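Right, one structure below, let's go through it.
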Amino acid sequence: MSSNPSKITGGCHCGAIRYEATEPPKQTGTCHCRTCKKSTGSAFMVIAGFSLNVFRFTKGEPKRYRSAPIMEKGFCSNCGSLLYDRYLVRVREVTSPDVIWVQLGTLDNPEPYTIDFHYSVETQLPWVHFDDDARRMRCDEDPEMAAAFEAAETGVDYSALQEIELAIDRGRV
Ligand SMILES: [Zn+2]
Ligand SMILES: [Zn+2]
């Protein structure tokens with residue numbers, strides 16, 4: 001584990017996989033969609049988006065799972081902790097392959113971060129309430145996201161993807 005206070009560190013529950021980032025997340029948010037409920041086993045997902053160029057895995061390698069035509073998830077194959085979500089195509093600036101959406105709860109010190117947005121609020125469970133002013137967005141009123149999913153089903157150019165995956169691998173110790 002790094003003792004450098006300028007580094008943001010985290011990892012899975014069992015410790016087989018560790019990561020670090022050298023800059024704070026670009027954004028943080030929650031997602032209330034069905035996929036996020038299923039994959040976390042909880043009411044919603046809480047994520048922090050780091051630029052891939054300031055993020056690296058320092059121990060172990062997450063197992064990857066294609067959770068949607070344009071998304072993958074990474075998790076520890078030993079303890080099952082979900083570690084990240086990543087878009088495989090560029091939808092918007094922060095929803096693009098060069099941003100890794102780390103599960104906030106896997107950070108060693110998640111306390112400093114507040115939430116910037118709540119997504120898929122149309123499927124937010126009725127007893128979940130937030131008293132913040134974070135932006136609330138409906139997934140079913142997101143034409144850019146719908147277009148990206150539609151394009152994926154009709155064929156997507158993944159040529160840039162290999163480069164990015166190699167960049168992740170180069171970060172591994
Ligand atoms: Zn683990
Ligand atoms: Zn979701």
Side-chain angles (χ1 to χ4, degrees), residues 1-2 8-21 25-50 55-97 99-110 113 115-130 132 134-153 168-169 171-173:
M1 199 178 298
S2 172
I8 297 163
T9 57
C12 67
H13 187 216
C14 78
I17 298 176
R18 298 284 304 163
Y19 61 78
E20 68 179 26
K26 293 157 86 78
Q27 280 189 23
T28 57
T30 69
C31 184
H32 300 262
C33 79
R34 188 69 187 136
T35 297
C36 288
K37 288 189 182 76
K38 279 282 187 185
S39 62
T40 60
S42 190
F44 54 89
M45 173 181 281
V46 190
I47 43 178
F50 293 91
F55 180 94
R56 67 185 190 123
F57 288 100
T58 53
K59 184 185 174 194
E61 181 179 12
K63 182 151 174 72
R64 291 183 169 133
Y65 168 64
R66 181 71 68 92
S67 58
I70 62 167
M71 298 202 71
E72 71 169 13
K73 292 177 181 294
F75 63 97
C76 174
S77 61
N78 185 52
C79 71
S81 292
L82 184 59
L83 290 162
Y84 74 85
D85 274 55
R86 190 165 70 99
Y87 286 84
L88 301 175
V89 296
R90 182 185 171 87
V91 182
R92 285 183 288 266
E93 188 198 344
V94 294
T95 45
S96 71
V99 175
I100 186 162
W101 287 93
V102 171
Q103 302 295 318
L104 190 82
T106 67
L107 292 171
D108 293 334
N109 298 295
Y113 307 103
I115 293 300
D116 298 315
F117 66 83
H118 301 291
Y119 192 65
S120 275
V121 294
E122 74 273 20
T123 46
Q124 185 172 319
L125 293 180
W127 46 264
V128 173
H129 301 287
F130 300 100
D132 56 35
R135 191 158 46 114
R136 283 154 168 76
M137 294 175 284
R138 295 178 65 101
C139 180
D140 60 356
E141 293 176 0
D142 186 343
E144 288 172 310
M145 194 64 75
F149 270 86
E150 196 176 315
E153 278 150 24
I168 292 182
D169 290 344
R172 210 190 315 144
V173 170

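All ligand and atom numbering here is 1-based and tracks the order in the structure. As the structure is a computational prediction, the values presented were derived from the model and not from experiment. No hydrogens, no waters, no symmetry mates; every other heavy atom, side chains included, goes into these values.
- Coordination check, His13 versus the Zn ion (ligand 1): failed, since every N/O/S atom of the residue sits at 2.8 Å or beyond.
- If you put the vertex on the Zn ion (ligand 1), SG of Cys79 and SG of Cys12 sit 110° apart, to the nearest 10°.
- Seen from the Zn ion (ligand 2), atom SG of Cys36 and atom SG of Cys33 lie 110° apart in angle, a value rounded to 10°.
- Taking every heavy atom of both residues into account, Ala43 and Trp127 meet most closely at CB-CH2, 3.7 Å.
- Within 6.0 Å of atom CD in Glu93, 12 or fewer heavy atoms from other residues, nucleotides or ligands are found, so the atom counts as exposed in its surroundings.
- In summary, the side chains of Ser39 and Tyr65 do not present any donor paired with an acceptor at a separation below 3.5 Å, with no hydrogens or angles considered.
- Aromatic ring centres of Tyr84 and Phe55: separated by at least 6.0 Å.
- Residue Cys139 does not count as close to the Zn ion (ligand 2), with no N, O or S atom under 2.8 Å.
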